[in-house]
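Naming: A, B, ... by sequence-line order, numbering from 1 per chain. Note that this is a predicted model, so its numbers are computed, not measured. Below, each value reflects all heavy atoms present in this structure, side chains not excepted, and no hydrogens, waters or symmetry copies.
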Amino acid sequence: MRAVKNNAAADPFSHRVLSIVRRIPPGHVASYGDVAKLAGRPRAARAVGNIMRGCGRPDVPCHRVIAAGGRLGGYGGSEILKRSLLVAEGIIISGSRVRGLDRVRWRPVRRVRSQKLKVRS
DNA sequence: AATCTGACTGTTG
DNA sequence: CCAACAGCCAGAT
């Protein structure tokens, strides 16, 4: 049985996007644009949204992926649920905006390029 | 291969 | 702040 064949979504991009979203820790968020950028396609925010729409995986915290500027973005019509999930993780939301975005925005650990220590002698 | 579809985003009025 | 528009993009038809 060939198995897996009907699944056309085995592309590197969507796979990369999903693995990135999977790493967003509770209490943190990333915008569609952020994820797109991390996935190597800085202008594919819209495409990321489409991928989120289809991800129905329990291991993918798609509720932590929001729109730019702290706006919530969509959640399959249940934006209320998305808001609840975020609040439950400690995210503070005022109106329809995440507050203190800079403090909860997820920052993947980037490799520091042999940062030299300046030693004074 | 061409067209359509949006959980997007930045600009403009 | 909100609505309309115009780019942009990967997936699905």
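Put simply, the side chain of Ser31(A) gets close to the backbone of Asp34(A): a donor and an acceptor are under 3.5 Å apart. Of the possible donor and acceptor atoms, one in the side chain of Lys82(A) sits under 3.5 Å from a partner among the backbone N and O of Val65(A).
Tyr32(A) contributes a side-chain N or O that forms a donor-acceptor pair with the base of dA7(B) under 3.5 Å.
If you measure from atom CG of Leu18(A) to atom C1' of dG11(C), you get 13 Å, rounded to the nearest angstrom. The CD atom of Glu79(A) sits 10 Å away from the P atom of dA7(B) (whole-angstrom rounding). In this structure, Ile24(A) places its CD1 atom 13 Å from C1' of dA7(B), rounding to the nearest Å. Taking atom CG on Leu85(A) and atom C1' on dA7(B), their separation rounds to 14 Å, with Å as the unit. When rounded to the nearest whole Å, the span between CG of Asn50(A) and P of dG6(B) equals 8 Å. The nearest whole Å value for the distance from the NE2 atom in His15(A) to the P atom in dG11(C) is 12 Å. Rounding to whole angstrom units, CZ of residue Arg16(A) and P of dG11(C) are separated by 10 Å. Rounded to whole angstrom, the span from the CG atom of Leu72(A) across to the P atom of dC8(B) amounts to 11 Å.
Set against dA7(B), dA10(C), dT9(B), the side chain of Arg71(A) has dT9(B) as its closest nucleotide. Ranking dA10(C), dC8(B), dG10(B) by closeness to the Phe13(A) side chain, first place goes to dA10(C). Comparing dC9(C), dA7(B), dT9(B) by their nearest atom to the side chain of Ala44(A) picks out dC9(C). With dA7(B), dA10(C), dC8(B) as the choices, the nucleotide that has an atom nearest any side-chain atom of Ala47(A) turns out to be dA10(C). If you check dT9(B), dA10(C), dA7(B) against the side chain of Ala45(A), the one that comes closest is dT9(B). Across dC9(C), dA7(B), dG10(B), the shortest atom-to-atom separation from the side chain of Cys62(A) is found for dA7(B).
Looking only at atom types and distance, the side chain of His28(A) has no donor-acceptor partner in the side chain of Glu89(A) under 3.5 Å away.
Environment of CZ in Arg71(A): crowded, with over 12 heavy atoms of neighbouring residues, nucleotides or ligands closer than 6.0 Å.
Using a 4.0 Å heavy-atom distance criterion, Arg53(A) is classed as a base contact.
Look at Arg46(A) and you won't find any side-chain N or O under 4.0 angstrom from OP1 or OP2 of dA7(B). Close to dG11(C), at under 4.0 Å from its OP1 or OP2, lies a side-chain N or O of Ser14(A).
In terms of position along DNA chain C, the nucleotide closest to Arg97(A) lies nearer the 5' end than the nucleotide closest to the other residue of the pair Ile51(A) and Arg97(A).
For Pro61(A) against Ile24(A), the heavy-atom pair with the smallest separation is CG-O, 4.0 Å.
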